[in-house]
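Report on the following structure.
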Amino acid sequence: MNFIEELQWRGMIHDMMPGVEKQLAKEMSSAYVGFDPTADSLHIGHLVGIMMLKHFQDAGHKPIVLLGGATGMIGDPSGKSQERNLLDEKTLRHNEASIKAQMRKFLDFDAKTENSAELVNNYDWMKDFSFLGFIRDVGKHITVNYMMAKDSVKKRLSAESSEGMSFTEFTYQLVQGYDFLHLYKEKNCKLQMGGSDQWGNITTGTEMIRKMEQGEAFAVTCPLIKKADGTKFGKTESGNIWLDPKKTSPYKFYQFWLNASDEDMSNFIKIFSTKGKEEIEALEKEHNEAPHLRTLQKALAEELTVRVHSQEALDMALKATSILFGKSTTEELKSIDEDTLLSVFEGVPQVTISKSDLDKTENITDFLSELTQQVIFPSKGEARKMIKGGGVSINKEKVLDANAPVEISLLQDKYILVQRGKKNYFLVTVG
RNA sequence: GGGGGAAUACCAAAGCGGCCAACUGGGGCGGACUGUAAAUCCGCUGUCUACGACUUCACAGGUUCGAAUCCUGUUUCCCCCA
């Protein structure tokens with residue numbers, strides 16, 4: 001199966017220029033995908049582009065990661081994004097290093113072969129470009145008529161958009177197009193890939209290469225990911241799902257994939273998994289026979305957690321999952337070590353109380369409200385009400401009587417795990 | 001400018017002068033079930049130092065042993081006629 005066939009069955013091709021397959025068959029080729037280095041971490045929205053490069057490298061070609069240090073400052077009108085902030089160079093380099101480290105999980109940058117992956121930053125060749133130089137050498141070759149014909153531009157100029165479009169944004173496609181030209185000249189890169197919204201920007205690049213170098217270059221775009229329920233992919237209530245464990249814990253990362261809906265899953269598995277066709281089809285079959293087991297979700301969640309984080313991180317996530325959602329017991333809770341406990345409940349509201357206060361406390365209700373500084377319940381009334389409704393558990397054991405005395409065995413000699421409802425956890429530290 | 005009507009909890013919407021902390025529906029929060037889903041079913045939903053106490057029905061007064069309910073004024077909103 002060649003690269004294009006591979007992407008095709010995975011549903012990752014939205015559009016491509018004629019002749020791509022011929023080019024790829026002819027020689028080892030280079031292709032690039034652009035990423036914004038606006039943060040020091042990638043998020044899962046970037047994963048599609050990365051996977052394209054991954055498959056490209058697996059097919060024996062050379063993937064190039066282009067960081068838009070320069071273009072990111074301008075703002076792509078395709079996404080009707082706001083004007084961007086200028087990143088200072090120090091931040092840019094920091095982000096670049098972090099992103100490269102994450103890219104390493106997917107792409108091989110150290111291969112001894114000629115198709116080793118490479119990372120470039122367009123800031124490096126754009127920063128010294130003078131305005132005069134740019135409009136003379138680049139702007140001369142592309143007509144405004146051509147630029148205005150792009151959908152992304154038309155939309156901004158039409159009555160629908162109230163904001164108008166700055167000249168800066170208008171020139172975006174030239175700058176991005178120039179990247180392609182630059183890579184074509186410097187690295188013999190003949191293919192740019194990206195989301196389908198990038199089509200217009202990519203073709204500006206191929207146009208430049210045709211006019212200025214009389215060369216031939218190609219574009220391949222993949223469909224933008226759509227979720228079955230219409231909501232945006234990659235976001236949760238708490239924001240983006242980042243690849244950086246400091247921004248999104250491996251546990252949350254794992255949970256994100258595990259929670260994907262069945263309808264989305266048949267697309268996701270093909271896009272985000274490196275598993276082959278047969279294996280995926282077998283998994284799908286298994287999944288359809290017993291949908292409640294969510295075979296696909298588990299398979300993908302595990303694969304990606306290990307790839308992006310590590311096997312240890314996955315083990316931790318699985319353990320956390322079983323504690324939070326499984327029918328785990330007090331015994332199980334006691335069995336895990338302090339580090340695991342703390343990382344599982346990282347981000348959960350915490351309260352510290354003193355041992356003597358705990359001993360003085362008359363009943364459970366007081367403990368849940370006053371003693372814990374109203375963090376768990378704002379008043380005794382609420383605590384009582386919730387206990388009556390069977391909604392409070394301490395160390396995984398349901399509290400039945402609101403007036404019961406406080407007799408709690410501490411986890412690791414200093415923690416108490418309180419659950420309000422099914423999903424709200426509180427960690428009380430007795431110090 | 002003249003006439004009529006309305007105002008109740010997060011929203012909607014009931015409420016013979018005592019049985020009203022106020023029917024019901026939605027939402028929210030819990031519970032059971034389940035696949036950490038959907039559907040379904042059940043409970044809670046003014047506050048609290050809780051078998052009781054306190055503060056509520058636009059606002060301010062009044063009638064009454066007793067007012068969300070009757071009266072007066074104020075404010076806001078809606079409708080109709082100019």
Side-chain angles (χ1 to χ4, degrees), chain A residues 44 226-238 241 248-269 283-302 304-305 314-329 332-333 344-349 357 360-394 396-406 417-426:
Chain A
I44 57 174
K226 286 249 165 48
K227 287 210 302 181
D229 60 7
T231 55
K232 209 171 173 193
F233 169 76
K235 297 249 182 175
T236 62
E237 312 86 64
S238 47
I241 302 292
T248 301
S249 71
Y251 161 73
K252 283 211 187 98
F253 184 84
Y254 176 83
Q255 284 286 323
F256 173 82
W257 298 104
L258 195 65
N259 278 324
S261 72
D262 291 354
E263 303 97 286
D264 291 330
M265 218 44 216
S266 65
N267 298 326
F268 287 3
I269 189 97
L283 281 171
E284 281 183 325
K285 186 158 169 276
E286 202 181 315
H287 183 91
N288 291 332
E289 278 164 12
H292 61 279
L293 293 179
R294 288 185 298 168
T295 316
L296 287 175
Q297 282 92 334
K298 277 182 194 161
L300 186 60
E302 283 178 20
L304 285 176
T305 307
L314 172 66
D315 293 343
M316 185 79 91
L318 288 174
K319 207 157 188 176
T321 299
S322 114
I323 287 170
L324 292 173
F325 299 106
K327 303 252 182 283
S328 70
T329 57
E332 227 175 304
L333 194 59
V344 165
F345 294 105
E346 186 201 332
V348 146
D357 284 344
K360 269 186 274 176
T361 304
E362 302 258 330
N363 57 44
I364 295 280
T365 310
D366 287 348
F367 166 71
L368 292 173
S369 52
E370 267 173 26
L371 182 63
T372 45
Q373 297 134 43
Q374 270 87 37
V375 170
I376 303 173
F377 288 103
S379 75
K380 293 191 188 183
E382 298 239 346
R384 244 188 233 111
K385 199 183 288 172
M386 194 68 93
I387 290 172
K388 223 182 279 171
V392 180
S393 294
I394 292 178
K396 282 278 162 193
E397 230 166 285
K398 198 158 271 188
V399 177
L400 302 171
D401 181 6
N403 296 316
V406 184
L417 181 67
V418 180
Q419 235 173 312
R420 190 190 70 200
K422 204 172 286 187
K423 289 185 177 167
N424 305 303
Y425 286 87
F426 300 88

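Just so it is clear: chains get the letters A, B, ... in the order the sequence lines come, proteins before strands, and each one is counted from 1.
Separation of the P atoms belonging to B/A53 and B/A22 is 14 Å when rounded to the nearest angstrom. Comparing the same atom, C1', in B/C29 and in B/G35 gives a spacing of 23 Å after rounding to whole Å. Separating the P atom of B/G3 from that of B/G73 is a span of 13 Å, rounded to the nearest Å. Distance noted for atom C1' between B/G46 and B/U36: 34 Å (whole Å). Across B/G17 and B/C81, the matching P atoms stand 34 Å from one another, rounded to whole Å. Spacing between B/U56 and B/G30 at atom C1', rounded to whole Å, works out to 25 Å.
Residues that satisfy the salt bridge (charged side-chain N to carboxylate O under 4.0 Å, His left out) test with A/Glu397, not counting sequence neighbours, are absent from this structure. A/Lys423 is linked by a salt bridge (charged side-chain N to carboxylate O under 4.0 Å, His left out) to nothing, counting only residues two or more places apart in sequence or in another chain.
Within the 4.0 Å cut-off from OP1 or OP2 of B/G30, at least one side-chain nitrogen or oxygen of A/Asn424 is found. Residue A/Arg294 has no polar side-chain atom (N or O) positioned under 4.0 Å from OP1 or OP2 of B/G35. In terms of phosphate contacts, A/Lys423 brings no side-chain nitrogen or oxygen within less than 4.0 Å of OP1 or OP2 of B/G31.
Distances were taken from every side-chain heavy atom of A/Ser379 (C-beta onward) to each of B/U49, B/G35, B/U36; the shortest belongs to B/U49.
Looking only at atom types and distance, the side chain of A/Asn403 has no donor-acceptor partner in the side chain of A/Glu362 under 3.5 Å away.
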